[in-house]
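Atoms within a ligand are numbered from 1 in the order they appear, just like the ligands themselves. Quick caveat, the model's predicted, so the values are computed rather than measured.
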Amino acid sequence: MTRHMLSSADLSRTEVLDILATAESMHDLQRREVKKVPTLRGRTVINFFFEDSTRTRSSFEIAGKWMSADTINLSAKGSSTSKGESLRDTAMTIDAMAVDALVIRHNASGACHQVAQWVRCSVINAGDGTHEHPTQALLDAYTLRSRLGDLDGKHVVIVGDLTHSRVFRSNVITLKTLGARVTVVAPPTLMPSGIVGWSATDGFATSWDLDAVLDGEDPVDAVMMLRVQRERMSGGYFPTAREYTVGYGLTRDRLDRLVARNPDVLILHPGPMNRGLEIAAEAADSARSVVLDQVSAGVAVRMAVLYHLLAGNDDAPREPAELETSTTGASAPSAPTQPEGVAR
Ligand code: CP
């Protein structure tokens, strides 16, 4: 694996499966009373969020802390970005402090790729504009695999504001990497213009008609609803919220029809949810919803990502003994994929 995590497209099937296998071991840690291993002791991870976040920022912070890294959170407000410092100067300033990883969320698509050109530390894309959100796609794959098993041939439907969604872009890549079939559904105004080229690839389809997809011949294994990103909309992409819900919302009626056809269907949403707009409360809180499983998986997957990028990536490799004994008595991961100390 490269030393950065910038795009889902950078990960081969083997690398995705390796990260998810590590995440499974890390998930076990969440069930322990003392959630701490020394794996990243002495490493420093900066979470720099130029855009708001609840799930991604807190899960990266928890992931770093549980692995004994020193984690520091920065946001645009309160940093010298508010005084006009450029992204390049900001990134190089942080890098000069000899940090090991920079986790970045930024409103500009491609910002993380640019930063990776300027710094020596690992860069992790925590969401860049409307481009990508690779760790979200990994945690979604983890959640799906924990319920559905191997995703080869599984049918996942992604619905909503595709135009502004980095979650959709990374998910299509990762799901295809794992062999899933993906149908994306959006109103014509929220269907990205370049998507026609994607439609040519095997196992990928687009539609403007949600009901036709849900009631179609191809049974649905999982539906991922996307947030309507009103903060990124400058014009009217749909006439009214009510009309959006009628055409593209996961309503109680649509949930009932999905469950009638497949009682094991899964409902996902990356959050934050606009309840009553793209997803009804009955669907968000239903027994088929795995929204909170996604949040839980987020910590394990981000631990796994930090582990794969930082553990063992040492100029002066640590002694194995140092990796094996934690301050709490729990032993720690010593090699990628199957960390010894946290394995089931
Ligand atoms: N899914 C997601 O990225 O959520 P946050 O914006 O809360 O991090």
Determine whether Gln294 and Asp140 satisfy the following criterion, side-chain hydrogen bond (donor to acceptor under 3.5 Å, both in side chains), listing intermediate values before the conclusion.
CA-CA 6 Å; Gln294 291 171 266; Asp140 290 338; 2.7 Å; yes

Would you check whether Gly127 reaches within less than 4.0 Å of ligand 1, judged by its heavy atoms?
no

Cation-pi between Arg57 and Phe49: NZ/CZ under 6.0 Å from ring centre and within 45° of the ring axis?
yes

Are any of the N/O atoms on Pro272, whether in the backbone or the side chain, positioned under 3.5 angstrom from an N/O atom of ligand 1?
no

In ligand 1, which numbered atoms sit nearer than 4.0 Å to a non-hydrogen atom of Gly271?
1 (N), 2 (C), 4 (O)

Tell me: protein heavy atom nearest atom 2 (C) of ligand 1, and distance?
Thr56 OG1, 3.6 Å

So which atom in Ala304 and which in Ala23 form the shortest heavy-atom distance, rounded to 0.1 Å?
CB-N, 3.6 Å

Contact atoms of ligand 1, heavy-atom distance to Thr54 under 4.0 Å:
5 (P), 7 (O), 8 (O)

Nearest-0.5 Å distance, CE of residue Met224 to CG of residue Leu268:
5.0 Å

Report the relative orientation of the aromatic rings in Tyr248 and Tyr244; use parallel for angles under 30°, tilted for 30 to 60°, perpendicular for over 60°.
tilted

State if His133 counts as touching ligand 1 under the rule of any non-hydrogen atom under 4.0 Å.
yes

Any idea which of Arg105, Arg227, Arg55 brings a heavy atom closest to atom 3 (O) of ligand 1?
Arg105

Hey, are Lys176 and Asp202 close enough for a salt bridge, meaning a charged N less than 4.0 Å from a carboxylate O?
no

